[in-house]
Amino acid sequence: MSQRMQQGQPMIVMSEDSQRVKDKDAQDYNISAARAVAEAVRSTLGPKGMDKMLVDSMGSVTITNDGVTILQEMDIDNPTAEMIIEVAETQEDEAGDGTTTAVAIAGELLKNAEDLLEQDIHPTAIIKGFHMAAEQAREEIDDIATDIDTTDEELIRKTAETSMTGKGTEVNKEHLAQLIVEAIRQVTVEDDAGNNVVDLEFLNIETQTGRAVGESELLEGGIIDKDPVHDNMPTEATDADILLLNAPIEVEETDVDTEVSVTDPNQLQKFLDREEKQVREKVDRIVDLGADVVFCQKGIDDLAQHYLAKEGVLAIRRAKKSDLEFLSEVVGASIVSDLKNATEADLGFGDVTRDEEGELFYVEGDNAHGVTLLLRGSTDHVVDELERGVNDALDVVAQTVSDGRVLAGGGATEVEIASRLRDYADSVSGREQLAVEAFADSLELVPRVLAENAGLDSIDTLVDLRAAHDDGDAHAGLNVFSNGVEDTFEAGVVEPAHAKEQAITSASEAANLVLKIDDIISAGDLSTDKGGDEEGAPGGAGGMGGMGGGMGGMM
């Protein structure tokens, strides 16, 4: 070995199948992968953003412009790209909206970092500069944010409308925003410290096709998408005692397989009579408890259905566990596992009505903490996208009520922070100053993309926005409907401060994580899908490695 080393021959310590990418090649590989993900969703940003059609391997079609949905549905098998997808998922979990903004900023940060790397600026200096800029940006957001009264329903409704704009809800966004604000109000409670806490667990969303979006409604209770188990049962019950049961109303089965030998027809009849008696006893127990309505998670025997109908009890079987848990909050009932030990105290109280057209049961309780948002749309695709938009708006309103701070939208916040970061960069010494300035340039991607997606000239728009902010208008943003620069806060384009802070934090941390990598060592190909093509070398498909199949078709 020593002789070989003296002759300058390298010692091989990696297997033949392994791959290694080092130094600048590794940086180029990672930055190209991350930028490809960001560019895949950029065209969806803003009210005039376009939609993506995603077709999975089974042929199922999803049409959406929701950033996190697009990235989750795309077949991506590149490790660096998946790190960027985590940015979107984190943004969705923490803020509920702003996923496309976070990913786009992360991609732009890496693009500008690549220019700095070309100038022989060390990644450590760029990482430090980005970290300093992100910290300063969060401070500036807190400074320019407007504190609101959480009882100001008009302003909170504007945040919901802003969140839903561009997500297929423009025509009915005012109606939907009002429903969302009312729903959030009903599930908001105060903690011991007097802070508002929004408990979204008690807000249920149901969808229904074949009706107009404008017919969506909010119900103080729950919805059960089931039919009565027997045609002779009542379909409505006012001031009803409601039993929630997660045990079957059927003949009890033994835990082991058994065989019964019958030598006389009377023996068979006795056996059948005994089974009938078991079912009858369960029905009698329900009647003795005083239950008018039974929601059962398990099955209900045909004979039990007959007896329940005869007693005038409305029964629904095979209800979802989640629906029973939600109804327990709506009607104040306990979920019963054993009828023998059930008491009247386990029953809930409320009204049950039937929507024959929609084939739904509405269950409403007195002073119910749980509410249901029933979203209607013409087709499944419309309803699915509507549900995604409403979910984002619910999270946004919940964050606004909890946090109490809002910002002007339309790119106004990004341009203002970028301007302040450039002033801050003058006080930063060393090469980190260039990184801070690059960070400021990256934030201005948002108004540029908003303008591009609206068919406007992005350079002219950015020049106009900078001029307005230099004149002291911190709320000057782009109104893509009037194609002009105006005070977007006054125009009702309002965003939660928490979502903006989270987007900048997630984007900067992801960019720094990618920049810190200078060596990629893989036991096989650099794809996370090991069942794929073995020939895709890292530098091959434009530095995208195993990503060509999944992302290439999209772009």
Side-chain angles (χ1 to χ4, degrees), residues 46 87 90-102 105 133-165 177 180-185 187-191 193-200 391-421 424 439-440 443 446-447 450 465 469 472-478 486-509:
V87 173
T90 301
Q91 181 73 18
E92 181 76 7
D93 292 340
E94 294 297 324
D97 199 10
T99 53
T100 305
T101 300
I105 292 175
E135 288 289 329
Q136 185 66 26
R138 284 194 292 271
E139 292 181 14
E140 298 296 351
I141 287 175
D142 191 53
D143 182 57
I144 64 177
T146 302
D147 293 328
I148 64 168
D149 183 354
T150 53
T151 61
D152 186 349
E153 290 196 2
E154 181 180 356
L155 189 55
I156 294 174
R157 189 175 66 250
K158 288 178 180 178
T159 65
E161 291 179 12
T162 302
S163 175
M164 288 189 293
T165 301
I180 288 168
V181 171
E182 179 63 22
I184 293 294
R185 186 186 66 79
V187 296
T188 300
V189 295
E190 280 194 6
D191 60 13
N195 299 318
N196 288 323
V197 178
V198 181
D199 197 346
L200 289 178
N391 267 316
D392 286 349
L394 285 169
D395 289 333
V396 163
V397 172
Q399 286 289 347
T400 304
V401 170
S402 301
D403 186 58
R405 296 176 304 150
V406 294
L407 298 164
T413 300
E414 286 80 4
V415 175
E416 180 66 20
I417 296 172
S419 175
R420 296 188 180 198
L421 282 179
Y424 167 71
F439 196 101
L443 292 181
V446 174
L450 287 175
L465 283 170
H469 282 262
D473 188 357
H475 290 165
L478 173 63
E486 62 180 77
D487 187 326
T488 50
F489 194 92
E490 288 296 325
V493 183
V494 187
E495 299 176 344
H498 175 76
K500 197 70 70 178
E501 286 177 339
Q502 183 63 44
I504 290 175
T505 300
S506 300
S508 61
E509 289 179 353

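The chain is numbered in sequence order, starting from 1.
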Minimum heavy-atom distance [X]-[Y], with the two atoms named:
X: A418; Y: A440; answer: CB-O, 3.4 Å
X: L465; Y: L478; answer: CD2-N, 4.0 Å
X: G98; Y: A503; answer: O-CB, 4.4 Å
X: S506; Y: Q91; answer: OG-OE1, 4.1 Å
X: A412; Y: T488; answer: CB-OG1, 3.9 Å
X: V415; Y: P447; answer: CG2-CG, 3.7 Å

Validation row: [X], [Y] side chains within 4.5 angstrom (heavy atoms):
X: I148; Y: I156; value: yes
X: I180; Y: M164; value: yes
X: I184; Y: L200; value: yes
X: I417; Y: I144; value: yes
X: S163; Y: D392; value: yes

Task: Partner set under ring-ring contact (aromatic ring centres under 6.0 Å, His included) for H469, not counting sequence neighbours - done: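 Per chain and number, H469 pairs via ring-ring contact (aromatic ring centres under 6.0 Å, His included) with no residue.
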Working to the nearest 0.5 Å, report the span between [atom1] of [X] and [atom2] of [Y].
X: L155; Y: T146; atom1: CG; atom2: OG1; answer: 8.5 Å
X: L421; Y: Q136; atom1: CG; atom2: CD; answer: 6.5 Å
X: E140; Y: D143; atom1: CD; atom2: CG; answer: 6.0 Å
X: D149; Y: E154; atom1: CG; atom2: CD; answer: 12.5 Å
X: L450; Y: T101; atom1: CG; atom2: OG1; answer: 7.5 Å
X: E94; Y: Q502; atom1: CD; atom2: CD; answer: 5.0 Å

- [ ] Answer yes or no: is there an ion pair linking E182 with R185, defined by an N-O contact shorter than 4.0 Å?
- [x]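 R185 and E182: salt-bridged.
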Task: Contacts of type side chain to side chain donor-acceptor pair (under 3.5 Å), residue D395, not counting sequence neighbours - done: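 Counting only residues at least two positions away or on another chain, D395 forms no side chain to side chain donor-acceptor pair (under 3.5 Å).
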TODO: Only pairs at least two apart or in different chains count here, so list each side-chain hydrogen bond (donor to acceptor under 3.5 Å, both in side chains) that has a residue in residues 397-414.
DONE: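 For residues 397-414, and leaving out neighbouring residues, the side-chain hydrogen bond (donor to acceptor under 3.5 Å, both in side chains) pairs sorted by first residue read D142-R405, D403-R405, R405-E501, E414-K500.
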TODO: Would you check if the side chain of T162 reaches a backbone N or O of G492 as a donor-acceptor pair within less than 3.5 Å?
DONE: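 Present.
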